[in-house]
Amino acid sequence: MKVVIIGGVAGGATAAARLRRLDEKAEIIVLERSGYVSYANCGLPYYVGGVITDREDLTLQTPEGFRRRFNIDVRVEQEALAVHPENHTVNVRRLADGSTYALHYDKLILSPGARPVKPPLPGIDDPRVFTLRTVEDTLRIREYLDTHNVRRAAVVGGGFIGLEAAENLLHAGVATTLFQLDDQILLPLDKDMAAELHAYLRGCGLDLRLGAQVTGFVPGGEGLSVQAAGMEDLPVDLVLMGIGVTPDSELAKKAGLALGVKGAIAVDGHMRTSDPDIYAVGDAVEVRHFVTGAKSHIALAGPANKQGRIAADHICGIPSTFTGAQGTSIIKLFDMTAASTGLNEKMAKAAGVDYGKVVTYSASHATYYPGAHNMTIKTLYDPATGRILGAQIVGFDGVDKRMDVLSTAIRAGLTAAALTELDLAYAPPYGSAKDPVNMAGYVIEDVRSGLVEQHHWDEVASLPADGSVLLLDVRTPAEVKKQGLIRPDAVHIPLDELRDRLGELDPSKKIYVNCFSGLRSYLACRMLRQHGFRCSNLSGGWRFWSYNATDRAHDAAPTHLCGIPTGQGR
């Protein structure tokens, strides 16, 4: 059996290695148009910023290594020009000399990945406008930084690559502006969860411009200017485009294979395309979203690796099936971490999925042990069953392990009640006896059972101001003095005084309670409910409300939580 694989990196390289482990006699050929067959795609921005210093560390496996260990014929700098399913051949061009040849296959695996989006803007082809997708891209950017006096840079796009590139340019001592067309960064998060990141990044020295439509680039002297609608031109020395990727499905389209959402290659659960002898994996394929079942395009390394293995299995007679992706992702930005899995609110609404949500604020480990930092956790659930639908976390340490637990919970179909029963590892340096995941489950169950009613940050402004309801703040006097009341008409009674001051409250009015994080106001609501008052708790507390309803642009990033000197040029 002769298997040809077009593209390496995650999906293609994984498929090749798995094929060899299953079939020692198969002839396996990998075609890769770049000079690197298996590399740490997600590590590329960190080489730009000097966090990863050895370029060899970016290479996971060399062509020579593949040949020695797996007896796989890896042909780098060779580009597949066309696939001919009718005669099982691929036309290939050697980039070194331009010569071409035809390559026969019994089975073909397409792993072309995705290509950076480059809109047809004026000046987009200027040599100082870079993209970051391959090792070669990374080396070009690093070389430019090393050989030019780059003092200011612009990044266009607030997704994973754009944000990591911006952070690493700051690490390299370059004053950096990030332009984002949407009114938030990191679209896997809801806007209310991204708000804290906006404040933190600005506090770390990033000039973050939201709702900014870049319209072109104008050369001038040694640099160029970034033009954005409604904004003054920004002179910079370098521009990095990071506005997203699109499936590289042109080969498949020309071969007559069926395409799906966003032009991605349509595949079945075994990763077969519309041609039974051609498989496709990785960032170029359409997948089923695990939670909704909808066809989606999810370009992440984890699913790509799984798909490569499944395609190899099926070619070798093992009926493995890809059951869908839920988009679990995580990003480190300076010392802050943001992660998500499953559905966010935007996705749930678009899919017509009924959901409830809670926002909790939990310490990464026992607060009496030094170094604990709180994390904001937003959890979506099915109101009817309590099944977990999605989660988002923003915080410092401990975010990754909680997200992994919640991702596993979604995959297993667990409910909020099941979250409360999870037996998670605890010791003061690592967690709390009631882990943040347990706490999310407890809060959801309290809401579902009717023990507490909640309202959300975006409802505060619309609460009646005619005296028909009461806004009650149960923070301490010191907190209120420092942070202010959530609304001028709010009444302040500290929680520890509330039981003795119930006579000051009108039982005919519904009471909307807030504290800093939502915990003390929950305790207040339980107290008030049992004394005959109607009560609603502000989910996420004053803190979550403040990031979304007020300007906290520069107060969320203490110097020790950024890790770099800010505001300095090279």
Side-chain angles (χ1 to χ4, degrees), residues 44-51 116-133 137-187 194 197-198 200-245 331 333-334 553-554 557 562 564-570:
L44 300 182
Y46 299 100
Y47 183 76
V48 170
V51 177
V117 175
K118 287 188 70 174
L121 300 176
I124 191 74
D125 293 323
D126 188 287
R128 291 159 294 195
V129 178
F130 295 87
T131 58
L132 180 54
R133 184 68 182 174
D137 292 338
T138 307
L139 298 180
R140 279 194 292 269
I141 297 169
R142 184 67 253 180
E143 180 184 13
Y144 195 87
L145 290 171
D146 290 339
T147 57
H148 293 76
N149 186 26
V150 178
R151 294 185 177 275
R152 176 170 287 279
V155 175
V156 183
F160 293 104
I161 291 295
L163 287 166
E164 289 174 344
E167 177 195 353
N168 279 279
L169 286 167
L170 285 166
H171 273 296
V174 179
T176 303
T177 299
L178 188 145
F179 294 88
Q180 169 70 340
L181 179 61
D182 296 280
D183 59 359
Q184 69 165 96
I185 59 171
L186 277 185
L187 296 183
L197 279 171
H198 298 160
Y200 174 77
L201 290 172
R202 286 169 171 149
C204 285
L206 178 66
D207 177 11
L208 177 60
R209 304 189 182 186
L210 301 173
Q213 182 181 5
V214 172
T215 57
F217 311 98
V218 179
E222 295 296 314
L224 67 166
S225 293
V226 181
Q227 295 181 322
M231 298 182 181
E232 291 186 5
D233 290 2
L234 178 72
V236 297
D237 305 302
L238 175 151
V239 173
L240 195 147
M241 297 295 295
I243 61 175
V245 296
I331 184 171
L333 297 171
F334 302 102
H554 295 282
C562 289
I564 64 166
T566 59
Q568 298 181 7
R570 287 171 60 81

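Side chains are part of it too, since the values below use all heavy atoms of this structure and drop only hydrogens, waters and symmetry mates. No experiment lies behind these values; they were computed from the predicted model shown.
Looking at residues two or more places apart in sequence or on another chain, you find no ring pair (Phe, Tyr, Trp, His ring centres under 6.0 Å) involving F160. For D137, the salt bridge (Lys or Arg N to Asp or Glu O under 4.0 Å) test picks out R140, with sequence neighbours left out. Remark: D126 pairs with R128 by the salt bridge (Lys or Arg N to Asp or Glu O under 4.0 Å) rule, at least two apart or across chains.
Using a 4.5 Å heavy-atom cutoff, the side chains of L201 and L163 are in contact. Residues V48 and T138 meet the side-chain proximity criterion, which asks for heavy atoms closer than 4.5 Å.
Rounding to the nearest 0.5 Å places OG1 of T131 at 6.0 Å from NZ of K118. L197 CG to I331 CD1: the interatomic distance, rounded to the nearest 0.5 Å, is 8.5 Å. Distance check: L238 CG to H148 NE2 gives 9.5 Å after rounding to the nearest 0.5 Å. L44 CG to I161 CD1: the interatomic distance, rounded to the nearest 0.5 Å, is 7.0 Å. Atoms CG and CD, on L169 and E164 in that order, are 12.0 Å from each other to the nearest 0.5 Å. Rounding to the nearest 0.5 Å gives a distance of 12.5 Å between CG of N168 and OH of Y47.
Under a 3.5 Å cut-off, the side chain of R202 and the backbone N or O of L208 do form a donor-acceptor pair.
Pairing each heavy atom of M241 with each of P119, the nearest pair is CE-CD, 4.0 Å. Minimum interatomic distance between A165 and L132 (heavy atoms only, all atoms of both residues): CB-CD2, 4.5 Å. Listed here is the closest heavy atom pair of L206 and A166: CD1-CB, 4.0 Å.
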Output a table of donor-acceptor pairs, distance under 3.5 Å, between side-chain atoms of residues 172-185 and any protein atom two or more places apart or on a different chain; print 'none' if there are none.
residue	atom	partner	partner atom	Å
T176	OG1	V174	O	2.8
T177	OG1	R152	NH1	3.3
T177	OG1	D207	OD2	2.9
Q180	OE1	G158	N	2.8
Q180	NE2	Q184	O	2.9
D183	OD2	K191	NZ	3.2
Q184	OE1	K191	N	3.1
Q184	NE2	L186	O	3.2
Q184	NE2	L189	O	2.9

Can you give each donor-acceptor pair under 3.5 Å made by side-chain atoms of residues 220-233, sequence neighbours left out, with the distance rounded to 0.1 Å?
none

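Note: Y200 and F334 have perpendicular aromatic rings, judged against thresholds of 30 and 60 degrees for the angle between ring planes.
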